[in-house]
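Predicted model only: the values in this text are computed from it and were never measured. Residue numbers start at 1 and run along the sequence shown.
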Amino acid sequence: MRTLIVAVGRLRPPYQDDVQHYRKMLARYAHVEAIELRDEEKVTGRIPDDAYKVLLASDGVQMDSLEFAEFIGERREAARDLCFVIGGPRGLDLDACDLKLSFGPMTMPHQLARVVLIEQIYRTHKILAREPYHY
């Protein structure tokens, strides 16, 4: 299973450092590709056609870490690529998504959402590997 993050906007410090930190720790479990785009209109062209598309959106489904791990595990068993899409500061409307995912009702910077997403993907792989994940 290939995991891809398509995001509008460029990641900058300190968020860039945090994402690199989690990607480094995640490398022993999975490879996560990241694509940064300047323009929202180019997002749909960068999403693989056969991928399971997850849009991060404030009106999406909320999951705890165990539920998210179960979700990722199901995608892994189906051997279907997984593509997370993060809009820019004003969000993004993506009609062709399979799931809308929310990190909660609070507004956060889109760059911070990328940090939270990569950390949760790392935590998910720790859970799926039956390793301790609370620290």
Heavy-atom closest pair, residues H110 and I86: O-CG2, 4.1 Å
- request: Would you indicate whether the side-chain heavy atoms of V54 and D98 approach each other to under 4.5 Å?
  value: no
statement: Rounding to 0.5 Å, atoms CD1 (I127) and CG (L66) come to a distance of 5.0 Å
- prompt: Of all heavy-atom pairs between C83 and V6, which one has the smallest distance, and what is that distance?
  reply: SG-CG2, 3.7 Å
Flag side-chain contact, heavy atom, 4.5 Å: M108 against V116: yes
task: Please check if the side chain of R38 supplies one atom and the backbone of G9 the other of a donor-acceptor pair under 3.5 Å.
output: no
field: Heavy-atom side-chain proximity of F84 to L55 below 4.5 angstrom
entry: no
message: Can you list everything that forms a salt bridge (Lys or Arg N to Asp or Glu O under 4.0 Å) with R76? Sequence neighbours excluded, please.
response: none
message: Considering only residues two or more places apart or on different chains, which pairs with a residue in residues 12-36 satisfy ring-ring contact (aromatic ring centres under 6.0 Å, His included)?
response: none
task: Please list all pairs passing the side chain to side chain donor-acceptor pair (under 3.5 Å) test where one or both residues lie in residues 48-74, with sequence neighbours left out.
output: S65-Q120
- prompt: Is the shortest heavy-atom distance from the side chain of F71 to the side chain of L101 under 4.5 Å?
  reply: no
field: Residues which pass side-chain hydrogen bond (donor to acceptor under 3.5 Å, both in side chains) with Q111, listed by chain and number, not counting sequence neighbours
entry: none
- prompt: Roughly how far, to the nearest 0.5 Å, is the CD1 atom of I118 from the CZ atom of R123?
  reply: 13.0 Å
statement: Closest non-hydrogen contact found for L26 with Y122 is CD1-CA, 3.6 Å
query: Is there a donor-acceptor pair under 3.5 Å between the side chain of E36 and the backbone N or O of V8?
result: no
- request: Please report the C-alpha distance between M63 and L99 in whole Å, then the side-chain angles of each, then the deciding distance to 0.1 Å, and finally whether the side chain to side chain contact (heavy atoms under 4.5 Å, CB included) criterion is met.
  value: CA-CA 12 Å; M63 299 181 197; L99 175 72; 3.8 Å; yes
- prompt: So, do T3 and M1 sit near enough that their side-chain heavy atoms are less than 4.5 Å apart?
  reply: yes
- line: Closest non-hydrogen contact found for A51 with R80 is O-NH2, 3.4 Å
message: Any non-hydrogen side-chain atom of T124 less than 4.5 Å from a side-chain atom of Y133?
response: no
message: Is any side-chain heavy atom of I47 closer than 4.5 Å to one of V85?
response: yes
message: What's the separation between atom CG in L128 and atom CZ in F68, rounded to the nearest 0.5 Å?
response: 10.0 Å
field: Partner residues of R2 under the side-chain hydrogen bond (donor to acceptor under 3.5 Å, both in side chains) criterion, sequence neighbours left out
entry: E33
- prompt: So which pairs with a foot in residues 11-29 pass salt bridge (Lys or Arg N to Asp or Glu O under 4.0 Å), sequence neighbours left out?
  reply: R28-E131
query: With a 4.5 Å limit on heavy-atom distance, are the side chains of I5 and I35 in contact?
result: no
